[in-house]
Amino acid sequence: MTDAKLKAPRGTFDVLAEDACARSAIEQRARAVLGSAGYERIETPAFESTELFARGVGESTDIVRKEMFTFEDAGGRSLTLRPEGTAPVCRAYVEHGMHKRRQPVKLWYLSSFFRHERAQAGRYRQFWQVGAEALGSDDPAVDAESIALLWTLLDELEVREVRLRLSSLGSLGARAAYRERLQAHLRAHSDELSGEVRSRIELNPLRAFDSEHPGTRAVMAHAPRLLDELDSEDAEHFAQVRALLDAAGVTYEVDPTLVRGLDYYTRTVFEFTSDALGAQSGVGGGGRYDGLVQELGGPPTPGMGWAAGIERLMLAGTPPPAAPEAVELFVALDGSERNLQAAAFTLLSEARSAGLSAQMDLGGRSLKGQLGHASALGARFIATVGAEGVLLRDVQSREESQLPADAVVHAVLRGHHAL
RNA sequence: GUGGGCGUAGCUCAGCUGGUAGAGCUCCUGGUUGUGGUCCAGGCGGUCGUGGGUUCGAGCCCCAUCGCUCACCCCA
């Protein structure tokens with residue numbers, strides 16, 4: 001390491017050439033899949049009022065309790081780099097009066113998010129998510145469509161070994177009542193639980209379902225299950241979602257122990273995992289959040305959405321073939337005189353005005369070096385500007401012709417279209 | 001926050017029982033070549049993560065520290 005003082009901060013990374021291609025390929029797919037379903041692009045600020053996340057995501061979540069990048073601005077306002085995308089989108093929905101539009105309002109984003117966690121494979125402090133949110137309808141068809149769209153996107157990105165788990169958390173009221181019953185069950189068996197789970201009974205009892213601890217698993221095996229206790233409306237809603245997914249050919253497994261890390265979820269929740277990933281096996285997930293918009297000060301508005309991690313999609317998906325930018329014309333200099341460079345520069349801008357992709361040497365290389373460079377770029381034509389005029393070479397056919405400078409672009413265009 | 005693994009050139013890595021730093025790739029120059037792709041030669045590039053210690057002598061041994069990475073946890 002030369003002078004390793006300045007490095008990207010822990011958990012962050014630079015996106016370089018090949019990765020940049022893979023990322024834009026993912027973005028193009030997302031735009032195609034979501035755009036054709038009527039989702040509109042939205043971008044929200046990289047930071048928001050801290051209160052938005054405290055209220056929206058939930059005070060009891062790990063995200064709010066210990067993972068937010070929070071700072072004060074010069075005016076003493078508490079701001080936070082967005083740790084997730086749903087609360088900001090809901091804030092924008094309220095702020096811009098989108099409840100006056102035709103419902104549901106369907107929005108998608110691809111943005112970076114920030115969480116102060118220890119980085120590992122597929123988990124970073126600044127990471128990117130593609131997400132989709134549908135606000136303003138509690139129709140089960142919204143849930144099914146949303147899930148099916150992520151299903152399609154994962155399929156198009158050729159994400160390997162995908163599994164979809166699905167469940168329902170019921171309405172907020174039912175969920176709160178259930179939570180108390182589950183806590184009662186856990187407390188009754190607290191001496192059989194792992195210390196970890198025991199200490200989280202009050203804060204996040206649903207987590208107990210995820211434990212690997214044998215004693216805890218035994219206790220959870222006969223714990224009450226939320227899915228068995230849905231009220232008739234919620235049960236009917238869930239049944240409809242399932243029926244529609246079946247109709248769309250989306251395969252899933254119902255997992256009553258599926259829990260999500262954010263407080264705002266109600267009714268439908270789901271998660272896509274890939275066994276091709278390491279410990280961070282979730283590629284994307286989401287669910288319904290019928291209380292969130294109101295929680296943020298808006299009118300009672302149901303919502304449904306998901307997010308998928310770009311870095312995880314890249315790990316579990318099939319990277320698109322790297323297609324370097326084609327170079328149609330490379331302009332080389334045979335000599336170092338100023339007027340040659342000027343002539344080459346004129347030719348270069350003429351070529352670009354004509355719509356050709358064109359490059360010239362910017363590194364003061366020898367002629368041999370320039371030709372090597374042109375070759376490495378895969379240039380289709382090479383124009384060598386010399387004192388005698390311009391020598392245009394068709395790299396594929398190896399034909400060469402000596403031309404006046406102002407005839408070069410025309411010749412390239414003609415040769416190009418002849419292909 | 002807690003563990004395991006790893007830090008030698010821009011990249012991938014050698015470096016013996018401690019003797020004072022190397023290869024390949026990339027990049028640049030020259031030669032060869034149908035003006036490039038092959039081949040040949042040369043060159044640029046490292047206070048061996050950092051700081052101590054042991055030793056006549058440390059890339060190698062010891063201690064500390066920082067960084068990267070994987071996992072716990074959590075989630076996308």
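Numbers restart at 1 for each chain; the letters A, B, ... are given by sequence-line order, proteins then strands. Predicted model, so just to flag it, every value in this text is computed and none were measured.
No hydrogens or angles considered: nothing links the side chains of A:S78 and A:E72 as a donor-acceptor pair under 3.5 Å. Inspection of the A:T268 and A:D143 side chains reveals an N or O donor paired with an N or O acceptor under 3.5 Å. In summary, the side chains of A:E328 and A:S357 do present a donor paired with an acceptor at a separation below 3.5 Å, with no hydrogens or angles considered.
Ion pair A:E229/A:R225 not flagged as a salt bridge, since none of the NZ, NE, NH1 or NH2 atoms sits closer than 4.0 Å to an Asp/Glu carboxylate oxygen. Between A:R125 and A:E67, no side-chain nitrogen of the basic residue sits less than 4.0 Å from a carboxylate oxygen of the acidic one, so the salt-bridge criterion is not met.
By the stacking rule of 5.5 Å between ring centres and under 30° between planes, A:F113 does not stack on the base of B:A76.
Base contact: A:E400 has a heavy atom under 4.0 Å from a base atom. At a threshold of 4.0 angstrom between heavy atoms, the contacts of A:V130 with the nucleic acid are absent. No engagement by A:A374 is indicated, since no non-hydrogen atom pair under 4.0 Å with the nucleic acid exists. Within 4.0 Å of A:Y124, counting heavy atoms only, lies at least one base atom of the nucleic acid. Within the nucleic acid shown, A:G122 comes within 4.0 Å of at least one base atom, counting heavy atoms only.
Between A:F13 and A:Y124, the ring planes are perpendicular. Angles over 60° get that label, and only those under 30° would be called parallel. The aromatic rings of A:F270 and A:F272 sit perpendicular to each other, their planes meeting at more than 60°, with 30° as the lower class boundary. Between A:F113 and A:F127, the two ring planes are tilted [angle within 30° to 60°].
Spacing of C1' atoms, B:G18 relative to B:C62, comes out at 13 Å, to the nearest Å. Atom name C1', nucleotides B:U54 and B:C60: the rounded distance is 14 Å, in whole Å. Using atom P as the reference point in both B:G24 and B:A41, the two lie 10 Å apart (nearest Å). Comparing B:G43 with B:C25, their P atoms are spaced 15 Å from each other, to the whole Å. Separation of the C1' atoms belonging to B:U26 and B:U47 is 24 Å when rounded to the nearest angstrom. For B:U17 and B:G37, the C1' atoms lie 48 Å apart once the distance is rounded to whole Å. For the C1' atoms, the distance from B:U8 to B:U20 is 15 Å, rounded to whole Å. Here, B:G46 and B:G10 have their C1' atoms 11 Å apart, quoted to the whole Å.
Following rounding to the nearest Å, A:R393 (CZ) and B:U33 (P) show an atom-to-atom distance of 15 Å. The nearest whole Å value for the distance from the CZ atom in A:F209 to the P atom in B:C74 is 15 Å. The separation between A:R125 atom CZ and B:G67 atom C1' is 13 Å, rounded to whole Å. B:C74 atom P lies 18 Å from atom CG of A:L277, rounded to whole Å. For A:W306 and B:A76, the CH2 to C1' distance is 11 Å, given to the nearest whole Å. The separation between A:R123 atom CZ and B:A71 atom P is 9 Å, rounded to whole Å. A:K7 has its NZ atom 9 Å from the C1' atom of B:G7, to the nearest Å. Rounded to an integer number of Å, the gap from A:L6 CG to B:C66 P is 19 Å.
Take the nearest nucleotide of RNA chain B for A:Q280 and for A:I310: the residue whose nucleotide is more 5' is A:Q280.
Evaluated for a side chain to side chain contact (heavy atoms under 4.5 Å, CB included) with A:V33, the options A:L157, A:V130, A:T152 yield exactly one hit, A:T152. A side chain to side chain contact (heavy atoms under 4.5 Å, CB included) with A:P140 is found for exactly one of A:H237, A:R242, A:R288, namely A:H237.
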Base-pairing string, 5' to 3', of RNA chain B - Watson-Crick or wobble, under 3.5 Å, | interstrand: (((((((..((((.....[..)))).(((((.......))))).....(((((..]....))))))))))))....
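The phosphate of B:C70 has neither OP1 nor OP2 within less than 4.0 Å of any side-chain N or O from A:Q120. Taking side-chain N and O atoms only, A:R10 has a distance below 4.0 Å to OP1 or OP2 of B:C68.
The listed nucleotides are B:C70, B:G36, B:C74; the one nearest the side chain of A:D62 is B:C74. You'll find that the side chain of A:Y265 is closest to B:A76, out of B:C70, B:C74, B:A76. Of all nucleotides listed (B:G36, B:A71, B:G67), B:G36 comes nearest to the side chain of A:R398. Relative to the side chain of A:S375, the nucleotides B:C70, B:C74, B:G36 differ in distance, and B:G36 lies closest.
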For nucleotides 25-29 of chain B, list the nitrogen or oxygen atoms of the protein found under 3.5 Å from its nitrogen or oxygen atoms, one pair per line.
| unit_1 | atom_1 | unit_2 | atom_2 | d |
| --- | --- | --- | --- | --- |
| B:C28 | OP1 | A:R365 | NH1 | 2.5 |
| B:U29 | OP1 | A:S366 | N | 2.6 |
| B:U29 | OP1 | A:S366 | OG | 3.3 |

Stepwise, does the side chain to side chain contact (heavy atoms under 4.5 Å, CB included) test hold for A:E145 with A:K106? CA-CA 11 Å; A:E145 179 184 69; A:K106 301 196 279 190; 3.2 Å; yes
Please step through salt bridge (charged side-chain N to carboxylate O under 4.0 Å, His left out) for the pair A:E192 and A:R217, ending with a clear verdict. CA-CA 9 Å; A:E192 300 163 52; A:R217 292 182 70 113; over 6 Å; no
